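Data first, discussion second: the structure below is written as structure tokens.
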Amino acid sequence: MAEITVHVPGNNLVSYALLKQKLNQLHDRGLMDAGLVLVQSHADVPMCQGYISQSELEFGLTKLIPSKFPADLQVRVLGHAIDDGPAPESLEVDLTAFVDRTPLSICAKAPLEYAVEMFSKLGLRYLIVTEEGSGRMVGVIIKKRLVGYLEHLSEHGNDDE
């Protein structure tokens with residue numbers, strides 16, 4: 001989870017370097033259809049505030065950012081700052097248009113069949129998994145990984161348990 005989670009501060013700006021590092025980690029894992037979960041802590045509980053797919057993040061970081069930029073380049077990922085403080089002095093790029101601010105979620109205690117149905121009936125590419133009661137994000141299910149897991153189960157049965 002740490003590799004695909006970005007903790008976004010109250011000003012909704014994240015450093016370009018951090019996003020680039022996270023994108024490289026996604027590439028290193030061999031994932032093509034994954035993404036990053038954007039979380040903010042409310043009362044010390046990390047809550048999902050959005051999701052940006054790997055392809056959209058890559059487009060944003062390579063096509064929208066000038067070839068020469070300052071080392072402290074900030075990327076806006078969740079809209080305007082919460083605290084309405086003074087505007088940042090550094091250059092900033094806005095990727096909020098690429099962020100899904102309402103990703104669908106499922107409770108961690110829900111049966112696997114519910115997730116399978118959500119993917120098949122709603123055409124989802126990912127699903128956020130949340131803790132029952134608190135809504136704290138605990139994981140992400142990616143469609144390709146779920147399909148691979150289900151194929152593995154059908155080939156090998158439940159021998160792995």
Side-chain angles (χ1 to χ4, degrees), residues 1-108 110 115 118-119 122-149:
M1 280 304 301
E3 286 184 3
I4 63 168
T5 302
V6 176
H7 293 275
V8 181
N11 66 3
N12 296 329
L13 295 172
V14 179
S15 74
Y16 168 84
L18 176 65
L19 291 176
K20 188 67 174 167
Q21 173 194 1
K22 296 283 187 178
L23 181 61
N24 290 337
Q25 288 174 336
L26 290 174
H27 283 297
D28 291 346
R29 290 175 66 186
L31 300 175
M32 299 295 289
D33 61 343
L36 298 178
V37 180
L38 307 173
V39 300
Q40 287 182 321
S41 292
H42 300 285
D44 293 330
V45 176
M47 302 293 287
C48 177
Q49 297 295 315
Y51 183 90
I52 185 167
S53 73
Q54 180 176 342
S55 59
E56 291 168 330
L57 177 63
E58 187 163 18
F59 175 82
L61 294 181
T62 58
K63 303 292 186 208
L64 300 180
I65 294 178
S67 58
K68 293 190 181 230
F69 56 86
D72 63 343
L73 178 69
Q74 297 291 300
V75 180
R76 183 166 300 283
V77 291
L78 291 177
H80 299 293
I82 294 172
D83 58 0
D84 290 329
E89 298 295 325
S90 62
L91 179 64
E92 148 186 339
V93 174
D94 192 350
L95 295 186
T96 56
F98 299 107
V99 175
D100 178 359
R101 291 297 306 263
T102 56
L104 291 178
S105 64
I106 189 168
C107 176
M118 289 178 76
F119 277 105
L122 301 174
L124 303 178
R125 294 181 300 163
Y126 57 88
L127 191 58
I128 305 297
V129 181
T130 59
E131 181 178 73
E132 185 176 23
S134 71
R136 181 177 67 90
M137 188 212 46
V138 294
V140 178
I141 303 171
I142 300 169
K143 184 176 184 176
K144 276 188 179 178
R145 292 281 173 110
L146 177 62
V147 169
Y149 175 73

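For clarity, every value in this text was computed on a predicted model and none was experimentally measured.
With Ile52 as the fixed residue, the side-chain contact (heavy atoms from CB on, under 4.5 Å) test singles out one of Leu57, Val77, Asp100: Leu57.
Here the closest non-hydrogen pair linking Glu132 and Cys107 is CB-SG, 3.5 Å. Nearest heavy atom pair, residue Val99 against residue Gly50, reads CG1-CA, 4.0 Å. Lys143 approaches Leu124 most closely through the heavy-atom pair CD-O, 3.4 Å. Pairing each heavy atom of Gln25 with each of Glu3, the nearest pair is OE1-O, 3.5 Å. Contact between Gly35 and Tyr51 at its shortest, heavy atoms only, is N-OH, 2.9 Å. Here the closest non-hydrogen pair linking Thr5 and Lys22 is O-NZ, 2.9 Å.
Between Leu78 and Val14 the shortest side-chain heavy-atom distance does not fall below 4.5 Å. Counting heavy atoms from C-beta outward, Ser15 and Gln74 have side chains that approach closer than 4.5 Å. A heavy-atom distance below 4.5 Å is not found between the side chains of Leu18 and Val75. Side-chain contact check for Leu127 versus Phe119: some heavy-atom pair is nearer than 4.5 Å. Cys48 is not listed as a side-chain neighbour of Ser105, based on a closest heavy-atom distance of 4.5 Å or more. Counting only heavy atoms from C-beta outward, the side chains of Gln49 and Val8 never approach each other to under 4.5 Å. Looking only at side-chain heavy atoms (C-beta outward), Arg101 and Leu38 stay at 4.5 Å or farther from each other.
Under a 3.5 Å cut-off, the side chain of Arg125 and the backbone N or O of Lys144 do not form any donor-acceptor pair.
Taken to the nearest 0.5 Å, the OG atom of Ser41 stands 10.5 Å off from the CZ atom of Arg136. Taking CZ of Phe98 as the reference point, atom OG of Ser55 lies at 10.0 Å (rounded to 0.5 Å). Taken to the nearest 0.5 Å, the CG atom of Asn24 stands 11.0 Å off from the CG atom of Leu19. We find the CD1-CE distance between Ile128 and Met47 to be 12.0 Å, quoted to the nearest 0.5 Å. With values rounded to the nearest 0.5 angstrom, Tyr126 atom OH is found 12.0 Å from Ile4 atom CD1. The distance from atom CE of Met118 to atom CG of Leu146, rounded to the nearest 0.5 Å, is 12.0 Å.
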Side chain to side chain contact (heavy atoms under 4.5 Å, CB included), that's the test. Do Leu61 and Val93 meet it? Break it down for me. CA-CA 9 Å; Leu61 294 181; Val93 174; over 6 Å; no
